[in-house]
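Notes follow the structure.
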Amino acid sequence: MTKINQQRELQFNDQFVACYLVENVKDFKVEGGVAVNLDYAPMHIGGPVPTVVPGWKSTVLFNAVIASANRVAVFRVRSEVDLGGIVLGEWDWFGNRFAKFPAPRRCTSRATTKLALCAWTRMHSPTSGQRRWTCANTASA
C-alpha cells in the first residue's frame, strides 16, 4: 500500500524558496504558495467552493486543502528581501556575473504603510483588502 501525503524537499529548496513534492495527496494543507499538478489526472481543492485544477496546470493557494491528487509540487517564497539571489541560489550572486544587476543591500531605515491595491488601480473591490508594505532605504553593502 502506498503512503498518503509522502513529502520530500526538491533539490533547489533554499533560503529564498521553499519547494517540495507531495505524492498520493489526500487532505493535504497548503499554507501558501503555488501548487503545480504534476499528473494528467485532475487535482481537487477542498473548501467552501471545491475546485478542480487540470493536469499539468498550477494555482495559487492560501490556507487551502488539496483534497486529492496524484503528485503535486508546492513552491513558496520564504522572503522577498534580495529575491534576485534566487537566480543562482547559494552558488554565486547574479550581480557578480552581470554588472548591471544591483548588489545586495543592507537596510538602514524602514517605513511601513497599508495600501489597498484594488483601490489604487481603480478596480471595483472592497477596501478591506489592504496589504501591509515595507519600504526600506538601503545603502550598498
Side-chain angles (χ1 to χ4, degrees), residues 1-108 110-141:
M1 185 169 163
T2 59
K3 184 178 176 185
I4 302 295
N5 296 335
Q6 188 172 359
Q7 181 177 339
R8 70 173 177 90
E9 290 183 350
L10 296 176
Q11 183 68 33
F12 47 92
N13 184 61
D14 62 10
Q15 79 256 21
F16 296 108
V17 178
C19 38
Y20 50 91
L21 178 74
V22 186
E23 295 182 295
N24 305 317
V25 183
K26 182 164 177 62
D27 298 326
F28 184 78
K29 181 164 176 146
V30 177
E31 292 181 12
V34 176
V36 183
N37 183 5
L38 298 176
D39 197 78
Y40 290 103
M43 172 173 59
H44 297 274
I45 309 297
V49 181
T51 307
V52 174
V53 178
W56 303 104
K57 299 289 181 183
S58 63
T59 188
V60 177
L61 298 177
F62 181 73
N63 288 332
V65 174
I66 300 175
S68 66
N70 290 336
R71 181 180 294 148
V72 176
V74 179
F75 303 91
R76 181 180 56 85
V77 174
R78 293 181 198 259
S79 173
E80 296 174 3
V81 176
D82 289 335
L83 191 57
I86 196 171
V87 175
L88 296 173
E90 294 183 29
W91 297 312
D92 192 10
W93 184 259
F94 187 62
N96 292 343
R97 296 175 183 241
F98 185 65
K100 293 181 182 179
F101 191 81
R105 300 179 182 272
R106 59 184 166 81
C107 184
T108 57
R110 301 190 110 157
T112 302
T113 186
K114 286 185 179 179
L115 178 64
L117 292 179
C118 292
W120 186 64
T121 58
R122 298 184 183 164
M123 294 174 60
H124 299 289
S125 177
T127 58
S128 63
Q130 291 186 347
R131 182 173 173 190
R132 177 169 279 223
W133 296 89
T134 301
C135 303
N137 290 334
T138 57
S140 295

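Values below: all heavy atoms of this structure, side chains included; hydrogens, waters and symmetry mates excluded.
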> Any side-chain heavy atom of R78 within less than 4.5 Å of one from N13?
Replying inline: yes
> Can you name the closest pair of heavy atoms from A69 and M43 and give their distance?
Replying inline: CB-CG, 3.7 Å
>> I'd like to check the salt bridge (Lys or Arg N to Asp or Glu O under 4.0 Å) partners of R71; sequence neighbours left out, ordered by chain and number.
In response: E23
> Got a donor-acceptor contact below 3.5 angstrom from the N24 side chain to the K3 backbone?
Replying inline: yes
> Taking side chain as C-beta onward, heavy atoms only, is F28 less than 4.5 Å from V65?
Replying inline: no
> What closest approach, in Å, do Y20 and Q7 show between heavy atoms, and which atom pair accounts for it?
Replying inline: CD1-NE2, 3.5 Å
> Can you name the closest pair of heavy atoms from P42 and V52 and give their distance?
Replying inline: CB-CG1, 3.5 Å
> Where do L21 and Q6 land on the side-chain contact (heavy atoms from CB on, under 4.5 Å) test, with the steps shown first?
Replying inline: CA-CA 8 Å; L21 178 74; Q6 188 172 359; over 6 Å; no
> What pair of heavy atoms forms the shortest contact from L61 to A35, and how long is it?
Replying inline: CD1-CB, 3.7 Å
>> Testing the basics here: between A64 and I45, what is the closest heavy-atom pair and its distance to 0.1 Å?
In response: CB-CG2, 4.4 Å
> Crowded around E31 CD? As in, over 12 foreign heavy atoms under 6.0 Å?
Replying inline: no
> For V22 and I66, what are the C-alpha separation, side-chain angles and deciding distance, and is it a side-chain contact (heavy atoms from CB on, under 4.5 Å)?
Replying inline: CA-CA 11 Å; V22 186; I66 300 175; over 6 Å; no
>> Please report the interatomic distance CG(N37) to OG1(T59), rounded to the nearest 0.5 Å.
In response: 10.5 Å
> Taking the inter-plane angle between the rings of F75 and F12 on a 0 to 90° scale, is it parallel (under 30°), tilted (30 to 60°) or perpendicular (over 60°)?
Replying inline: parallel
>> Taking side chain to side chain contact (heavy atoms under 4.5 Å, CB included) as the criterion, tell me which of V72, V25, N70 meets it with D39.
In response: N70
